[in-house]
Amino acid sequence: MIEWVSAVTQGVLLGGLYALFAAGLSLIFGVMRLVNIAHGDLIVFAAYLGLSTTMTFGINPFLALFVVVPVMAGLGYILQRGLLNRTLGEDILPPLLVTFGLSVILQNALLEGYTADPRKLSAGTIETASLSVGGLSVGVLPLLTFAIAVAVIAGLQWVFYSTSAGRGFRAVSDNQEIAQIMGLNKAHVFGLAMALALAVTAIAGILLGVRTSFDPSIGGGRLIFGFEAVIIGGLGSLWGTLAGGIILGVAQTIGGKIDPGWQLLSGHIAFLAVLAIRPNGLFPRVDH
């Protein structure tokens, strides 16, 4: 029995990492209805940026966040203002094609710059440290990751509903034309939304790099996990994204407990089951 409780606990904590993968996707879809195919590769890019930062300055990966987060946020703003805003419109195909092309460029650039060898960020003893809770051994790093995920999503929720920037996000999401008439620069608002999304992506990339090895080809898998968490939770719902990540993580760990070969398959089955029963996700955002 304790083994199953441990598997569920590990799945919940893994869900925190998946929620971080998904939070940026959820935010930009909620604000501008943009599906970013390059999101997974941007997570991996952030991990490599963290690797370069730690190697250059000889610092802990968590300290590298102070470099990687603002760099990724700035990149997000420039990318949105300089490229992605030009693709937005009634047709969903142009942004899909452009972000797919960006994904290919990122993968090949990382392959050229860092080779295909797997890399990992070293964070010291925190990687193997654990706590004993009621007979369960809980890793400190997964627990920290989950706590960061909750804090990040709570922060995004606060920004979205309690700040002037958040009011701008909601205004352009509800009606871009009226928002423009009322004086909002939607290009700037979209740029800020992408900057915020890639700041979260930077956190996800560093935590991914500390948790496991990575290479230029794994972005597609992280994108799938992010998409599944977003859709399970409900499009545009930030807390729903956390719930979706947890459901995905628990499904994977329980599947892996039954048979190691079922780990990823179990997550996909859970995703399809939710999609069949609740096509809009479990907690879709309701616009008033």
Side-chain angles (χ1 to χ4, degrees), residues 12-31 36 38-54 57 59-77 79-80 106 110 119-124 126-127 139-160 163 165-166 192-214 218-219 221-223 225-227 229-230 233 238-246 248-249:
V12 170
L13 298 181
L14 176 60
L17 182 62
Y18 290 164
L20 284 172
F21 290 167
L25 278 173
S26 182
L27 175 66
I28 60 173
F29 183 85
V31 172
N36 183 6
H39 187 78
D41 297 289
L42 287 165
I43 292 172
V44 178
F45 177 74
Y48 275 108
L49 192 56
L51 177 68
S52 294
T53 303
T54 57
F57 298 105
I59 57 176
N60 186 281
F62 291 106
L63 291 177
L65 283 168
F66 291 101
V67 175
V68 178
V69 168
V71 169
M72 290 296 291
L75 175 64
Y77 187 85
L79 185 63
Q80 187 66 41
L106 279 172
L110 291 174
R119 306 294 183 96
K120 191 176 182 304
L121 297 174
S122 177
I126 194 173
E127 294 180 40
V140 172
L141 179 60
L143 199 59
L144 178 62
T145 301
F146 187 82
I148 291 172
V150 172
V152 165
I153 289 176
L156 289 175
Q157 190 81 3
W158 176 79
V159 167
F160 210 74
T163 67
L192 290 178
M194 184 60 79
L196 190 57
L198 288 202
V200 176
T201 297
I203 298 172
I206 294 294
L207 289 171
L208 169 69
V210 172
R211 182 185 178 97
T212 186
S213 59
F214 55 93
I218 68 166
R222 304 327 99 178
L223 175 68
F225 294 151
F227 267 137
V230 168
L238 291 169
W239 287 115
T241 294
L242 179 61
I246 290 171
L248 186 61

Quick note, side chain to side chain donor-acceptor pair (under 3.5 Å) partners involving residues 16-29, not counting sequence neighbours, are Tyr18-Gln252, Ser26-Thr241
Taken to the nearest 0.5 Å, the spacing of Ile206 CD1 from Phe62 CZ works out to 9.0 Å
- Task: Give a yes or no on whether the backbone of Ala22 and the side-chain of His39 come within a donor-acceptor separation of less than 3.5 Å.
- Result: no
Shortest non-hydrogen pair, Pro61 vs Val210, comes out as CB-CG2, 3.8 Å
Interatomic distance, CG@Leu14 vs OG1@Thr145, rounded to 0.5 Å, equals 9.5 Å
Separation between CG (Leu198) and CG (Leu75), nearest 0.5 Å, reads 6.0 Å
Tightest non-hydrogen contact, residues Gly40 and Arg222, listed as CA-CB, 4.3 Å
Sorted by chain and number, sequence neighbours left out, side-chain contact (heavy atoms from CB on, under 4.5 Å) with Leu192 holds for Tyr77, Phe169, His188
Value for CD1 (Ile148) from CG (Leu20), rounded to nearest 0.5 Å, stands at 7.5 Å
CG of Leu207 to CZ of Phe21, rounded to nearest 0.5 Å, is 8.5 Å
Sorted by chain and residue number, the side-chain contact (heavy atoms from CB on, under 4.5 Å) partners of Ser122 (sequence neighbours excluded) come out as Glu127
Nearest heavy-atom contact between Thr212 and Lys120 is O-CG, 3.9 Å
Closest non-hydrogen atoms of Leu25 and Phe227, given as atom of the first, atom of the second and distance, are CD1-N, 3.8 Å
For Ile59, the side-chain contact (heavy atoms from CB on, under 4.5 Å) test, sequence neighbours excluded, returns Thr53, Phe57, Leu63, Ala64
On a heavy-atom basis, the closest approach of Ala123 and Asn60 is O-ND2, 3.6 Å
CG (Leu27) and OG1 (Thr201) are apart, to the nearest 0.5 Å, by 9.5 Å
Here the pair of heavy atoms bringing Leu17 nearest to Ala204 is CD1-O, 4.3 Å
Residues passing the side-chain contact (heavy atoms from CB on, under 4.5 Å) test with Ala199, sequence neighbours excluded, are Val69, Ala73
For residues 41-51, run the donor-acceptor check on the side chains, cut-off 3.5 Å, and write out each pair with its distance to 0.1 Å, sequence neighbours left out.
{"unit_1": "Asp41", "atom_1": "OD1", "unit_2": "Gln107", "atom_2": "NE2", "d": "3.2"}
{"unit_1": "Asp41", "atom_1": "OD2", "unit_2": "Ser103", "atom_2": "OG", "d": "2.4"}

